Amino acid sequence: MKLVIIANRLPVKIEEKNNSYSIKRSEGGLATGLSSLDTSIEKFWVGWPGIYVDDKSLQKRITRRLHAMHFHPVFLSQEQIEKYYEGYSNSILWPLCHYFFSYIEYGSCFWEAYKEVNTLFCEESLPFIDENDIVWIQDYQLMLLPKKIRDHKPQANIGYFHHIPFPSFELFRVLPERKELLEGLLGADLIGLHTHDYMRHFISSLYRVLDLNCDLDEIKLQDRTVHVDAFPMGINYQKYHDAALLPAVRKESAELKKKLGNQTIILSVDRLDYSKGILNRIKGFAQFLENHPEYREKVSLAMIVTPSRDNVERYADLKTRIDQTIGQVNGKYATVGWTPIHYYYRSFDFEGLSAMYDVADIALVTPLRDGMNLVAKEYLASKREKPGVLILSEMAGAAIELTDAIIINPMDANEIENAILQAITMSEHEKKERLWRMQKTISNQTVQKWANDFVKELSYIKKQNEEIYQKIIDKKQLAQIKRQYDRSSHRLLVLDYDGTLAPFYKKPEEAAPSPILLSLLEKMAKDPANHVVINSGRSSEMLEKWFGDLPIDLSAEHSALYKENGEWHENFKKIEQWDSEILDIIQRTIEKTPNSWLEIKNTALVWHYRKADTWLANLREEQLVRALIEPCTRLNLQIVPGNKILEIKPSAFNKGTEIKRRMQKEKFDFVLVIGDDTTDEDMFRAIPSDGISIKVGDFSPIAKYRISLQSKVIPFLTKLIS
Ligand code: ADQ
């Protein structure tokens, strides 16, 4: 077994000099996290190597060298990078996920290029994915890839991690390609996000865009379950914690201190990006200097900005505005010996960055949106026992864990100003206490743990999905069931109707049996060895209307009434008058839930919400259950949730009651029950241990077998009786 990591970029730096190539590993956070995984798991990476190579023979040479490092390059053309990476990924998905909706730029063929490159990644990865491998796809550039791999390898164990925020549905819905993107992700078994807020947004997009059934953090697809979970990414804690002990870092930080004197240093570190809130930060700092002149010449802001995409107009504009704003602030407040803002527009090496973290008294991390933000964690780890205060934007994923930071709204310059003042005036004791608590959190939630947790959960889901697969009736199992069927001479065949023999319709009365089904039932009933029963929650009138002419038995309203040898009987008396309080509660719910309605049956009340908005219906269902608990308990009624319905019925009977009654009366040597709903589990429980219980649709731990789709039930029964 190996772990195949597929990411937009390989963790390598390739440099060309006079047609010869040097290849070096670049240790990003992800690579570090993976390095600590069980060393017996081989790791293999697939990704863009970061250079353009057109010459095929050169591509082959580079590929050979990368293979020796367990990397496989996906070579992309300049045009593909422009349209897939700079285009769809960074001009559409990035601004959208960071709530910069108006920054979206639709370019021609961006989407086509995104699809094309995702397909290319799939083709390039497939030869390296063996049966037992774990596949872990990284980030928003490859959202279509999970499904593409699943289409070729239905049994693969696939995970996906989204490193940036997942926006609220209201924003996500504006994407014309929203459906394809979500379907692409659902190819994975496990979808990881940094925080539970992103999880919530993702799940709400799933049921609004795809109308899927989500059971908390599980999405039940026809043939497997997809899990969604929060995995807050951490850092290599020990590396940053020990950095200040390195001779190079000590030397550099001593030099910095000499130059900066006794000033309080506020540090900020980010990539040039509009999501990082760089301008707001300068504004907040300037306001602090304006309103607190006593701190002028005593406090400086050191801003490290890594150059990024400044060939793109929006980024070049941002850079110009940052340059200008810093110029204005420095122009206004600087004195001969003091510069308010030290600005470094370049990348720092690890030692240089660690020295900055070491000397900084305060870290000012103010993104307007950020998936996680690792700088905040790196700063805290680097401080060791030295007091350091973190001011952190509530819009960064990290704010969920780092609650001992001074949390601010980055849009509010007053909050930034006040936070700086609070940080400067905070007692040493409080600074150390807060720092210690946050260090405890991040030293536990490291990048190593993040990778471990993800891979462990993915493997666990694989096992669970395998169990689901195992129950699916394949050819071998069908032959086995058929052998048992053929050998028997007195059979009880109990079939649920909606969702089992017929698909669901928005209007329940439209679900009339098809001629194929009617003829199948007739054939089944013709065999004198067979006793066929349709066991449904439907009313006796409806069942009689649809099946009254067939020589089969019926069981209506969850066994309250049954028809045997052509005659209807009551297991339970018709309820003539329902409790008015219960009717009132349901009526109020209907008024507040458009497209929901009440069905009054002989022995049950059913609130139907198939046509209502899913979110609203779920909310109303919860409220309804809460309101009904008291009167239903008092009246000995049961509240039974079903497929887009909530049923209120006496607790004296369920779908298993009719089966038990039958089996007490007669001895059968073959019992088969099929159903799709949770209420059908009472039938599964009622049959003897050698009986055959089949769940249609998603997994049931109680049923012995599974048929994944309703449409496969009639073909199954046809083969069984043939
Ligand atoms: P990024 O947007 O890259 O990552 P972040 O998490 O802050 O953002 O990581 C930045 C990294 O770059 C840090 O390790 C930092 O030390 C380094 N860095 C920044 N500026 C630097 C400079 N001038 N010199 C040297 N190093 C510098 C995406 C998401 C984040 C999410 C991560 C991880 O956008 O929200 O936290 O992935 O999932």
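Counting starts at 1 for both ligands and their atoms, following the listed order. Because the structure is a prediction, the values reported are computed rather than measured. The figures that follow rest on heavy atoms only: side chains count, while hydrogens, waters and symmetry mates do not.
- Shown in contact with H194 at under 4.0 Å from a heavy atom are these atoms of ligand 1, numbered in order with element: 31 (C), 38 (O).
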### Message
Evaluate H201 against F169 for ring pair (Phe, Tyr, Trp, His ring centres under 6.0 Å), listing each step before the verdict.
### Response
CA-CA 6 Å; H201 295 155; F169 161 71; over 10 Å; no
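- For the pair R369 and F100, the cation does not sit on the ring face, since its NZ or CZ is not both under 6.0 Å from the ring centre and inside 45° of the axis.
- Protein non-hydrogen atoms do not reach within 4.0 Å of atom 17 (C) of ligand 1.
- The shortest N/O to N/O separation between H98 and ligand 1 does not fall below 3.5 Å.
- With respect to atom 23 (N) of ligand 1, the closest heavy atom belonging to the protein is T306 OG1, 2.7 Å.
- Under a cutoff of 6.0 Å and an axis angle of 45°, K115 and Y84 do not form a cation-pi pair.
- For the pair R178 and F172, the NZ or CZ position fails the cation-pi test of under 6.0 Å to the six-membered ring centre and within 45 degrees of the ring normal.
- Among protein heavy atoms, atom 14 (O) of ligand 1 sits closest to E378 OE2, 2.5 Å.
- The proximity of H163 to ligand 1, defined as any non-hydrogen pair under 4.0 Å, involves the side chain as well as the backbone.
- Close approach of ligand 1 to M372 is summarised as follows: ligand atoms under 4.0 Å from at least one heavy atom of the residue are 30 (C), 31 (C), 35 (O), 36 (O).
- Using 4.0 Å as the threshold, K276 has a heavy atom nearer than that to some atom of ligand 1.
- For the residue pair S382 and Y357, the shortest heavy atom distance occurs at OG-CD1, 3.4 Å.
- For ligand 1, the atoms closer than 4.0 angstrom to any heavy atom of M233 are 33 (C), 38 (O).
- No donor-acceptor contact under 3.5 angstrom links the side chains of Y198 and H196, judged on distance only.
- Among all protein heavy atoms, the one lying closest to atom 24 (N) of ligand 1 is F348 N, 2.8 Å.
- The number of heavy-atom neighbours closer than 6.0 Å to CZ of F101, taken from other residues, nucleotides and ligands shown, is 12 or below.
- R271 NE, 4.0 Å is the protein heavy atom nearest to atom 3 (O) of ligand 1.
- Counting heavy atoms only, D370 comes closest to atom 35 (O) of ligand 1 of the residues D349, D273, D370.
- Atom CZ of R250 has 12 or fewer heavy atoms from other residues, nucleotides or ligands within 6.0 Å.
- Using a 4.0 Å cutoff on heavy atoms, Y379 does not count as a contact of ligand 1.
- Neither the backbone nor the side chain of F350 has any atom closer than 4.0 Å to an atom of ligand 1 (non-hydrogen atoms only).
- For atom 10 (C) of ligand 1, the nearest protein heavy atom is 4.0 Å or more away.
- Near G371, with a cut-off below 4.0 Å to any heavy atom, the atoms of ligand 1 are 35 (O).
- The number of heavy atoms from other shown groups lying within 6.0 Å of OH (Y460) does not exceed 12.
- If you check which protein heavy atom lies closest to atom 26 (N) of ligand 1, you get L353 CD2, 3.8 Å.
- L458 pairs in a side chain to side chain contact (heavy atoms under 4.5 Å, CB included) with only one of the listed residues (L3, D453, I158, L190), which is L190.
- With a 4.0 Å cut-off on non-hydrogen atoms, R346 touches ligand 1 through its backbone and not its side chain.
- Atoms of ligand 1 found under 4.0 Å from any heavy atom of W94, numbered from 1 in the order shown, are 34 (O).
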### Task
Would you sort out whether K17 and S22 count as a side-chain contact (heavy atoms from CB on, under 4.5 Å), showing the intermediate values?
CA-CA 8 Å; K17 228 184 207 173; S22 73; over 6 Å; no
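- Enclosure of atom NZ in K283 is not indicated, since only 12 or fewer non-hydrogen atoms of other residues, nucleotides or ligands lie within 6.0 angstrom.
- Atoms of ligand 1 found under 4.0 Å from any heavy atom of V269 (numbered from 1 in listed order, with element): 19 (C), 20 (N), 21 (C).
- When heavy-atom distances to ligand 1 are checked against a 4.0 Å cut-off, L374 comes that close through both its backbone and its side chain.
- Ring pair H241/Y237 is parallel by interplanar angle, where below 30° counts as parallel and above 60° as perpendicular.
- K319 forms a cation-pi arrangement with Y345, by the criterion of a distance under 6.0 Å to the ring centre and an angle within 45° of the ring axis.
- In the vicinity of V375, heavy-atom distances shorter than 4.0 Å reach the ligand 1 atoms 7 (O), 15 (C).
- Of the N or O atoms in I304, none lie within a sub-3.5 Å distance of an N or O in ligand 1.
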